[in-house]
A.B. asks: 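First, the structure itself, so that you have it in front of you.
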Amino acid sequence: MLLKISIGEIIQRCTSDVETIRNFLANQFVEIGRTVILLSLILIIMFSLDVKFALVATLIVPIIFAFALWFLQGFKGNLKEAMRQRLNFQR
């Protein structure tokens, strides 16, 4: 298979893949920074308005994350099985 592809095409594909990964990582780091700043501002405002309510709200967040992870773990197995069935059907 590699003998049918020219060296220039292989280099172009590699360059394109590296550029795609670089753009993805750059955008994700910007989004992570934006999210951290936004969350910090939200927490500051919440605690300045009502400390008791802010504590209750922030204590609920780990429970929500745990439920989401539990749900996604169960969903992941079903998704893999559906993908296997779809691939077998297409052959």
A.B. asks: Suppose the criterion is salt bridge (Lys or Arg N to Asp or Glu O under 4.0 Å): which pairs have a residue in residues 23-43, not counting sequence neighbours?
C.D. replies: E31-R34
A.B. asks: With sequence neighbours left out, which residue pairs that include part of residues 63-75 fulfil the salt bridge (Lys or Arg N to Asp or Glu O under 4.0 Å) condition?
C.D. replies: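 Salt bridge (Lys or Arg N to Asp or Glu O under 4.0 Å) check on residues 63-75 returns no pairs.
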A.B. asks: Kindly list each side-chain donor-acceptor pair under 3.5 angstrom involving residues 22-30, sequence neighbours excluded, with atom names and distances?
C.D. replies:
{"unit_1": "R22", "atom_1": "NH2", "unit_2": "E19", "atom_2": "OE2", "d": "2.7"}
{"unit_1": "N23", "atom_1": "ND2", "unit_2": "E19", "atom_2": "O", "d": "3.4"}
{"unit_1": "N27", "atom_1": "ND2", "unit_2": "N23", "atom_2": "O", "d": "3.2"}

A.B. asks: Residues in side chain to side chain contact (heavy atoms under 4.5 Å, CB included) with T15, at least two apart?
C.D. replies: I11
A.B. asks: Can you give the donor-acceptor pairs under 3.5 Å from side chains of residues 53-70 to other protein atoms, not counting sequence neighbours?
C.D. replies:
{"unit_1": "T58", "atom_1": "OG1", "unit_2": "A54", "atom_2": "O", "d": "2.9"}
{"unit_1": "T58", "atom_1": "OG1", "unit_2": "L55", "atom_2": "O", "d": "3.1"}

A.B. asks: Only distances under 3.5 Å count here; give the side-chain donor-acceptor pairs of residues 38-52 to other protein atoms, sequence neighbours excluded, each with its distance to 0.1 Å.
C.D. replies:
{"unit_1": "S40", "atom_1": "OG", "unit_2": "V36", "atom_2": "O", "d": "2.8"}
{"unit_1": "S48", "atom_1": "OG", "unit_2": "I44", "atom_2": "O", "d": "3.2"}
{"unit_1": "S48", "atom_1": "OG", "unit_2": "I45", "atom_2": "O", "d": "2.8"}
{"unit_1": "D50", "atom_1": "OD1", "unit_2": "K52", "atom_2": "N", "d": "3.4"}

